[in-house]
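On a predicted model such as this, the values are computed, not experimentally measured, just so you know. Here, residue 1 is the first one in the sequence, and each next residue gets the next number.
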Amino acid sequence: MSAHSEPTTATEAFMAHRNLLFTVAYEMLGSAADAEDLLQETWLRWLGVDLANVRDERAYLVRIITRLALDRLRALGRRKESYVGSWLPEPLLTAPDVAEDVELADSISMAMLLVLETLAPIERAVFVLREVFDLDYDEIAEAVGKSPAAVRQTAYRARAHVAARRPRGTVTPAENRAALKAFQQAVETGELQCLLDILAPDVVAMGDGGGIKHTLPQPLVGADKVARLLARWWTHDAERSVELVQINGRPGLLIRVNGKIDGAMAVRIDNGLITGLYGVRNPEKLSGVERETAVSR
(Lines give C-alpha, C1' and ligand atoms only; values in the text may rest on other atoms or scores of the structure.)
Protein backbone atom coordinates (compact mmCIF):
# COMPACT_ATOMS: atom_id res chain seq x y z
CA MET A 1 0.00 0.00 0.00
CA SER A 2 1.44 3.38 -0.97
CA ALA A 3 1.89 6.25 1.47
CA HIS A 4 -0.57 8.23 -0.66
CA SER A 5 -3.37 5.64 -0.56
CA GLU A 6 -3.23 4.76 3.15
CA PRO A 7 -4.84 7.98 4.48
CA THR A 8 -7.79 7.43 2.16
CA THR A 9 -8.18 3.88 3.45
CA ALA A 10 -7.89 5.11 7.02
CA THR A 11 -10.51 7.76 6.36
CA GLU A 12 -12.92 5.28 4.83
CA ALA A 13 -12.50 2.89 7.75
CA PHE A 14 -13.04 5.65 10.29
CA MET A 15 -16.10 7.06 8.55
CA ALA A 16 -17.62 3.57 8.24
CA HIS A 17 -17.61 3.28 12.04
CA ARG A 18 -17.99 6.95 13.00
CA ASN A 19 -21.62 6.74 14.18
CA LEU A 20 -20.88 3.65 16.24
CA LEU A 21 -17.86 5.31 17.85
CA PHE A 22 -19.90 8.39 18.72
CA THR A 23 -22.57 6.19 20.29
CA VAL A 24 -20.03 4.26 22.37
CA ALA A 25 -18.55 7.51 23.70
CA TYR A 26 -21.94 9.11 24.29
CA GLU A 27 -23.29 6.13 26.23
CA MET A 28 -20.17 6.11 28.38
CA LEU A 29 -20.15 9.87 29.02
CA GLY A 30 -23.71 11.14 28.64
CA SER A 31 -22.21 14.15 26.87
CA ALA A 32 -22.52 14.75 23.15
CA ALA A 33 -19.89 17.50 23.24
CA ASP A 34 -17.36 15.25 24.95
CA ALA A 35 -18.22 12.38 22.59
CA GLU A 36 -17.48 14.65 19.60
CA ASP A 37 -14.17 15.68 21.18
CA LEU A 38 -13.21 12.04 21.60
CA LEU A 39 -14.07 11.33 17.97
CA GLN A 40 -11.47 13.92 16.95
CA GLU A 41 -8.87 12.43 19.30
CA THR A 42 -9.66 8.93 18.04
CA TRP A 43 -9.25 10.10 14.45
CA LEU A 44 -5.84 11.64 15.16
CA ARG A 45 -4.63 8.46 16.88
CA TRP A 46 -6.05 6.31 14.07
CA LEU A 47 -4.03 8.26 11.51
CA GLY A 48 -0.85 7.13 13.28
CA VAL A 49 -1.76 3.43 13.16
CA ASP A 50 -0.12 1.06 10.66
CA LEU A 51 -3.24 -0.46 9.12
CA ALA A 52 -1.27 -3.43 7.83
CA ASN A 53 -1.13 -4.67 11.44
CA VAL A 54 -4.85 -4.16 12.17
CA ARG A 55 -6.94 -7.34 11.92
CA ASP A 56 -10.29 -5.84 12.93
CA GLU A 57 -10.69 -2.12 12.26
CA ARG A 58 -13.97 -1.86 14.20
CA ALA A 59 -12.52 -3.47 17.33
CA TYR A 60 -9.35 -1.38 17.11
CA LEU A 61 -11.27 1.89 16.81
CA VAL A 62 -13.60 0.92 19.65
CA ARG A 63 -10.57 0.17 21.79
CA ILE A 64 -9.10 3.63 21.13
CA ILE A 65 -12.27 5.54 21.94
CA THR A 66 -13.07 3.38 24.98
CA ARG A 67 -9.72 4.13 26.58
CA LEU A 68 -10.15 7.83 25.85
CA ALA A 69 -13.69 7.73 27.25
CA LEU A 70 -12.52 6.08 30.47
CA ASP A 71 -10.02 8.88 31.03
CA ARG A 72 -12.66 11.52 30.25
CA LEU A 73 -15.24 9.78 32.44
CA ARG A 74 -13.00 10.11 35.48
CA ALA A 75 -12.50 13.81 34.74
CA LEU A 76 -16.24 14.30 34.27
CA GLY A 77 -16.86 12.73 37.67
CA ARG A 78 -14.82 15.48 39.29
CA ARG A 79 -16.62 18.12 37.21
CA LYS A 80 -20.05 16.84 38.23
CA GLU A 81 -19.17 17.18 41.91
CA SER A 82 -19.25 20.97 41.51
CA TYR A 83 -22.20 21.07 39.10
CA VAL A 84 -25.03 23.40 40.14
CA GLY A 85 -28.32 21.55 40.63
CA SER A 86 -29.24 18.18 39.15
CA TRP A 87 -26.99 16.84 36.38
CA LEU A 88 -28.70 15.25 33.37
CA PRO A 89 -27.16 13.81 30.20
CA GLU A 90 -27.11 16.02 27.13
CA PRO A 91 -30.27 15.34 25.09
CA LEU A 92 -29.97 14.23 21.46
CA LEU A 93 -32.44 14.85 18.67
CA THR A 94 -32.54 11.45 16.94
CA ALA A 95 -34.09 10.20 13.72
CA PRO A 96 -37.46 8.39 13.93
CA ASP A 97 -35.93 5.10 12.75
CA VAL A 98 -33.78 4.90 15.89
CA ALA A 99 -36.93 4.07 17.87
CA GLU A 100 -37.43 0.98 15.70
CA ASP A 101 -34.20 -0.51 17.09
CA VAL A 102 -35.64 -1.11 20.55
CA GLU A 103 -32.33 -2.13 22.15
CA LEU A 104 -30.48 0.90 20.80
CA ALA A 105 -33.30 3.28 21.79
CA ASP A 106 -33.35 1.78 25.29
CA SER A 107 -29.58 2.09 25.67
CA ILE A 108 -29.48 5.82 24.84
CA SER A 109 -32.69 6.77 26.66
CA MET A 110 -32.37 9.33 29.44
CA ALA A 111 -33.65 6.81 31.96
CA MET A 112 -30.95 4.28 31.01
CA LEU A 113 -28.17 6.86 30.88
CA LEU A 114 -29.06 7.89 34.42
CA VAL A 115 -28.83 4.24 35.49
CA LEU A 116 -25.41 3.99 33.83
CA GLU A 117 -24.33 7.02 35.86
CA THR A 118 -24.54 4.83 38.98
CA LEU A 119 -21.85 2.46 37.67
CA ALA A 120 -18.12 2.81 38.22
CA PRO A 121 -16.22 3.85 35.05
CA ILE A 122 -14.89 0.36 34.24
CA GLU A 123 -18.30 -1.21 34.95
CA ARG A 124 -19.98 1.30 32.66
CA ALA A 125 -17.51 0.62 29.84
CA VAL A 126 -17.85 -3.15 30.17
CA PHE A 127 -21.65 -3.00 30.32
CA VAL A 128 -21.93 -0.75 27.28
CA LEU A 129 -19.49 -2.75 25.16
CA ARG A 130 -20.97 -6.11 26.11
CA GLU A 131 -24.72 -5.51 26.47
CA VAL A 132 -25.20 -2.80 23.84
CA PHE A 133 -22.52 -3.47 21.25
CA ASP A 134 -22.09 -7.22 21.82
CA LEU A 135 -18.30 -7.24 21.87
CA ASP A 136 -16.74 -10.48 23.08
CA TYR A 137 -14.90 -10.58 26.38
CA ASP A 138 -11.45 -10.72 24.78
CA GLU A 139 -12.14 -7.54 22.80
CA ILE A 140 -13.48 -5.76 25.88
CA ALA A 141 -10.48 -6.91 27.92
CA GLU A 142 -8.14 -5.23 25.41
CA ALA A 143 -10.26 -2.06 25.42
CA VAL A 144 -10.32 -1.63 29.21
CA GLY A 145 -6.92 -3.13 30.04
CA LYS A 146 -8.22 -6.03 32.15
CA SER A 147 -8.06 -9.80 31.83
CA PRO A 148 -11.00 -11.60 30.15
CA ALA A 149 -11.79 -13.29 33.48
CA ALA A 150 -11.92 -9.94 35.28
CA VAL A 151 -14.11 -8.53 32.52
CA ARG A 152 -16.56 -11.41 32.90
CA GLN A 153 -16.87 -10.73 36.64
CA THR A 154 -17.29 -7.00 36.02
CA ALA A 155 -19.93 -7.66 33.36
CA TYR A 156 -21.88 -9.87 35.79
CA ARG A 157 -21.82 -7.20 38.53
CA ALA A 158 -22.76 -4.42 36.12
CA ARG A 159 -25.60 -6.44 34.57
CA ALA A 160 -27.09 -7.19 37.99
CA HIS A 161 -26.73 -3.57 39.06
CA VAL A 162 -28.47 -2.26 35.93
CA ALA A 163 -31.18 -4.93 36.01
CA ALA A 164 -32.21 -3.79 39.48
CA ARG A 165 -32.55 -0.17 38.35
CA ARG A 166 -33.42 -0.13 34.65
CA PRO A 167 -36.89 0.79 33.33
CA ARG A 168 -39.35 -2.09 33.53
CA GLY A 169 -41.22 -3.55 30.60
CA THR A 170 -41.09 -2.83 26.88
CA VAL A 171 -43.16 -0.09 25.30
CA THR A 172 -43.64 0.01 21.54
CA PRO A 173 -42.81 3.19 19.62
CA ALA A 174 -46.53 3.59 18.81
CA GLU A 175 -47.48 3.36 22.50
CA ASN A 176 -44.80 5.89 23.36
CA ARG A 177 -46.07 8.32 20.74
CA ALA A 178 -49.69 7.96 21.84
CA ALA A 179 -48.89 8.56 25.50
CA LEU A 180 -46.67 11.53 24.73
CA LYS A 181 -49.24 13.07 22.39
CA ALA A 182 -51.76 12.93 25.23
CA PHE A 183 -49.15 14.49 27.53
CA GLN A 184 -48.39 17.24 25.01
CA GLN A 185 -52.07 18.14 24.76
CA ALA A 186 -52.41 18.14 28.55
CA VAL A 187 -49.38 20.42 28.92
CA GLU A 188 -50.64 22.83 26.25
CA THR A 189 -54.07 23.14 27.85
CA GLY A 190 -52.67 23.27 31.37
CA GLU A 191 -55.71 21.36 32.64
CA LEU A 192 -54.81 19.73 35.92
CA GLN A 193 -57.04 16.66 35.55
CA CYS A 194 -55.69 15.90 32.06
CA LEU A 195 -52.19 15.99 33.47
CA LEU A 196 -53.11 13.76 36.39
CA ASP A 197 -54.64 11.26 33.98
CA ILE A 198 -51.38 10.76 32.10
CA LEU A 199 -48.90 10.94 35.02
CA ALA A 200 -48.03 7.87 37.09
CA PRO A 201 -48.64 8.30 40.85
CA ASP A 202 -44.89 8.09 41.56
CA VAL A 203 -43.72 10.13 38.56
CA VAL A 204 -40.33 11.82 39.00
CA ALA A 205 -39.48 15.15 37.37
CA MET A 206 -35.89 16.38 37.10
CA GLY A 207 -34.47 19.60 35.68
CA ASP A 208 -30.99 20.63 34.58
CA GLY A 209 -30.29 24.34 34.22
CA GLY A 210 -26.60 24.16 35.08
CA GLY A 211 -26.93 27.22 37.27
CA ILE A 212 -27.62 29.25 34.11
CA LYS A 213 -31.35 28.77 33.61
CA HIS A 214 -34.06 28.40 36.23
CA THR A 215 -35.35 24.87 36.68
CA LEU A 216 -36.17 22.37 39.43
CA PRO A 217 -33.49 22.64 42.13
CA GLN A 218 -34.05 18.98 43.04
CA PRO A 219 -36.17 16.06 41.80
CA LEU A 220 -39.93 16.42 42.28
CA VAL A 221 -41.89 13.25 43.06
CA GLY A 222 -45.64 12.59 42.81
CA ALA A 223 -48.34 13.16 40.21
CA ASP A 224 -50.09 15.96 42.06
CA LYS A 225 -46.93 18.02 42.61
CA VAL A 226 -45.67 17.49 39.06
CA ALA A 227 -49.08 18.23 37.49
CA ARG A 228 -49.47 21.49 39.41
CA LEU A 229 -45.95 22.53 38.45
CA LEU A 230 -46.61 21.84 34.75
CA ALA A 231 -49.95 23.65 34.83
CA ARG A 232 -48.27 26.77 36.30
CA TRP A 233 -45.30 26.46 33.94
CA TRP A 234 -47.41 26.55 30.78
CA THR A 235 -49.62 29.48 31.73
CA HIS A 236 -46.59 31.51 32.86
CA ASP A 237 -45.36 32.20 29.32
CA ALA A 238 -47.77 32.59 26.41
CA GLU A 239 -44.88 32.64 23.90
CA ARG A 240 -43.87 29.06 24.70
CA SER A 241 -44.46 26.30 22.13
CA VAL A 242 -43.97 22.56 22.39
CA GLU A 243 -42.98 20.27 19.51
CA LEU A 244 -43.20 16.48 19.59
CA VAL A 245 -39.82 15.06 18.49
CA GLN A 246 -37.50 12.10 19.07
CA ILE A 247 -35.22 12.69 22.08
CA ASN A 248 -32.64 9.96 22.69
CA GLY A 249 -34.57 7.42 20.66
CA ARG A 250 -37.86 8.04 22.42
CA PRO A 251 -40.67 10.54 21.91
CA GLY A 252 -39.88 13.78 23.68
CA LEU A 253 -40.65 17.48 23.63
CA LEU A 254 -38.65 20.35 22.23
CA ILE A 255 -39.59 23.61 23.94
CA ARG A 256 -39.25 26.98 22.26
CA VAL A 257 -39.79 30.47 23.64
CA ASN A 258 -40.32 33.20 21.05
CA GLY A 259 -39.28 30.68 18.40
CA LYS A 260 -35.90 29.86 19.95
CA ILE A 261 -35.00 26.54 21.58
CA ASP A 262 -35.30 26.95 25.34
CA GLY A 263 -35.12 23.34 26.46
CA ALA A 264 -35.71 19.67 25.72
CA MET A 265 -37.78 17.25 27.74
CA ALA A 266 -37.16 13.52 27.58
CA VAL A 267 -39.97 11.34 28.84
CA ARG A 268 -40.06 7.86 30.34
CA ILE A 269 -43.29 5.94 29.79
CA ASP A 270 -44.33 2.72 31.51
CA ASN A 271 -47.69 1.02 30.97
CA GLY A 272 -49.08 4.05 29.18
CA LEU A 273 -48.27 6.52 31.96
CA ILE A 274 -45.47 9.09 32.32
CA THR A 275 -43.09 7.86 35.02
CA GLY A 276 -40.13 10.17 34.38
CA LEU A 277 -39.68 13.71 33.07
CA TYR A 278 -36.16 14.95 32.34
CA GLY A 279 -35.99 18.61 31.34
CA VAL A 280 -32.73 20.16 30.20
CA ARG A 281 -32.51 23.96 29.94
CA ASN A 282 -28.75 24.44 30.35
CA PRO A 283 -27.90 26.16 27.03
CA GLU A 284 -24.47 24.50 27.04
CA LYS A 285 -26.23 21.13 26.70
CA LEU A 286 -28.69 21.92 23.90
CA SER A 287 -26.49 21.77 20.79
CA GLY A 288 -27.51 18.12 20.33
CA VAL A 289 -31.16 19.06 19.74
CA GLU A 290 -30.52 21.70 17.07
CA ARG A 291 -30.19 18.97 14.43
CA GLU A 292 -30.49 15.19 14.26
CA THR A 293 -27.57 13.17 15.58
CA ALA A 294 -26.80 9.82 13.94
CA VAL A 295 -26.36 6.91 16.37
CA SER A 296 -25.84 3.23 15.63
CA ARG A 297 -24.76 -0.11 17.06
Would you say Leu88 and Leu114 make side-chain contact, with heavy atoms under 4.5 Å? yes

Check for me, please, whether Ile274 and Met110 land in the same ILVMFWY cluster - side-chain distances under 4.5 Å, paths through other members count. no

Please check this pair: side chain of Gln246 against backbone of Thr94, looking for a donor-acceptor N/O pair closer than 3.5 Å. no

State whether Arg297 and Asp101 are salt-bridged, where the test is any N-O pair (Lys NZ or Arg NE/NH1/NH2 against Asp/Glu carboxylate O) under 4.0 Å. yes

Is there a side-chain contact between Phe183 and Leu230 (heavy atoms, below 4.5 Å)? yes

Could you tell me the separation between the OG atom of Ser109 and the CD1 atom of Ile269, rounded to the nearest 0.5 Å? 11.5 Å

Would Val289 end up clustered with Leu92 when hydrophobic side chains under 4.5 Å apart are linked, directly or stepwise? no

So does Arg63 get a backbone contact from the side chain of Thr66, meaning a donor-acceptor N/O pair under 3.5 Å? no

After noting the C-alpha distance and the side-chain angles of Gln184 and Lys181, does the key distance pass the side chain to side chain contact (heavy atoms under 4.5 Å, CB included) rule? CA-CA 5 Å; Gln184 179 188 11; Lys181 185 64 176 176; 3.6 Å; yes

Of all heavy-atom pairs between Leu286 and Ala264, which one has the smallest distance, and what is that distance? CD2-N, 4.1 Å

So is Arg268 actually on top of Tyr278's ring, under 6.0 Å and inside 45° of the axis? no

Rounding to 0.5 Å, atoms OG (Ser241) and CG (Leu254) come to a distance of 8.5 Å

Is the shortest distance from a Lys or Arg side-chain nitrogen in Glu117 or Lys80 to a carboxylate oxygen in the other one below 4.0 Å? yes

A cation-pi test, strictly: NZ or CZ of Arg159 under 6.0 Å from the centre of the six-membered ring of Tyr156 and no more than 45 degrees from its axis. Yes or no? no

Does the Gln218 side chain pair with the main chain of Gly85, one donor and one acceptor, at a distance under 3.5 Å? no

Going only through I, L, V, M, F, W and Y residues with side-chain contacts under 4.5 Å, is there a path from Leu180 to Val203? yes

What heavy-atom pair brings Ala25 and Leu38 nearest, and what distance separates the two atoms? CB-CD1, 4.5 Å

Below 4.0 angstrom, N of the basic side chain to O of the carboxylate: do Arg228 and Asp224 qualify? yes

Do you know the tightest heavy-atom contact between Ala200 and Ala223? O-CB, 3.5 Å

Short side-chain donor-acceptor distance under 3.5 Å, Tyr83 and Asn282: yes

Mind listing the closest non-hydrogen atom pair of Ala227 and Leu196 along with its distance? CB-CD2, 3.8 Å

Heavy-atom closest contact (Ser107 atom, Met112 atom, distance): O-CG, 3.6 Å

Tell me whether Arg250 is salt-bridged to Asp106, with the criterion being a basic N under 4.0 Å from an acidic carboxylate O. yes

Side chain proximity check, Thr293 to Phe22, heavy atoms < 4.5 angstrom: yes

Minimum side-chain heavy-atom gap Leu229-Leu216 below 4.5 Å: yes

Measuring from atom CG of Leu73 to atom CG of Asp34, what distance do you get when rounded to the nearest 0.5 angstrom? 10.0 Å

Donor on one side chain, acceptor on other, His161 and Arg165, under 3.5 Å: yes

Evaluate Leu119 against Arg157 for side chain to side chain contact (heavy atoms under 4.5 Å, CB included), listing each step before the verdict. CA-CA 10 Å; Leu119 292 171; Arg157 290 197 307 272; over 6 Å; no

What is the distance from atom CD1 of Ile247 to atom CG of Leu253, rounded to the nearest 0.5 Å? 8.0 Å

Could you check whether any side-chain N or O of Asp208 sits under 3.5 Å from a backbone N or O of Trp87, counting only pairs where one atom can act as donor and the other as acceptor? no

Okay, side chain of Ser86, backbone of Met206: is any donor-acceptor separation there less than 3.5 Å? no

Give the intermediate values and the outcome of side chain to side chain donor-acceptor pair (under 3.5 Å) for residues Asn248 and Tyr26. CA-CA 11 Å; Asn248 287 58; Tyr26 177 70; 2.8 Å; yes

Value for CD1 (Ile64) from CG (Leu39), rounded to nearest 0.5 Å, stands at 11.5 Å

When every non-hydrogen atom of Gly207 is compared with those of Thr215, the smallest separation belongs to CA-OG1, 3.2 Å

To the nearest 0.5 Å, how far apart are CG in Leu70 and CD1 in Ile122? 4.5 Å

For Arg256, I'd like to know if atom CZ has over 12 heavy atoms of other residues, nucleotides or ligands within 6.0 Å. yes

Is there a path from Val204 to Ile198 through hydrophobic residues (I, L, V, M, F, W, Y) whose side chains come within less than 4.5 Å of each other? no

Glu243, CD: over 12 other non-hydrogen atoms inside 6.0 angstrom: yes

Is any NZ, NE, NH1 or NH2 atom of the basic residue among Asp136 and Arg130 found under 4.0 Å from an Asp or Glu carboxylate oxygen of the other? no

Stepwise side chain to side chain contact (heavy atoms under 4.5 Å, CB included) test for Glu41 and Arg72: CA-CA 12 Å; Glu41 292 187 47; Arg72 186 67 62 91; 2.9 Å; yes

If you measure from the Lys or Arg side-chain nitrogens to the Asp or Glu carboxylate oxygens, is any gap between Lys213 and Asp262 under 4.0 Å? yes

Kindly state whether the ring of Phe14 and the ring of Trp46 have centres lying under 6.0 angstrom apart. no

Does a side chain donor of either Glu123 or Thr154 reach within less than 3.5 Å of an acceptor in the other side chain? no

Go through the steps for Arg58 and Leu135 under the test side chain to side chain contact (heavy atoms under 4.5 Å, CB included), then give the verdict. CA-CA 10 Å; Arg58 176 180 182 269; Leu135 268 65; 3.7 Å; yes

In one Ile/Leu/Val/Met/Phe/Trp/Tyr side-chain cluster, 4.5 Å: Val115, Val280: no

Looking at Glu27 and Arg124, does any basic side-chain N land under 4.0 Å from a carboxylate oxygen? no

Check whether any side-chain heavy atom of Val295 lies under 4.5 Å from a side-chain heavy atom of Leu104, and answer yes or no. yes

Pairs meeting criterion side chain to side chain donor-acceptor pair (under 3.5 Å) with involvement of residues 13-24, two or more places apart: Arg18-Glu36

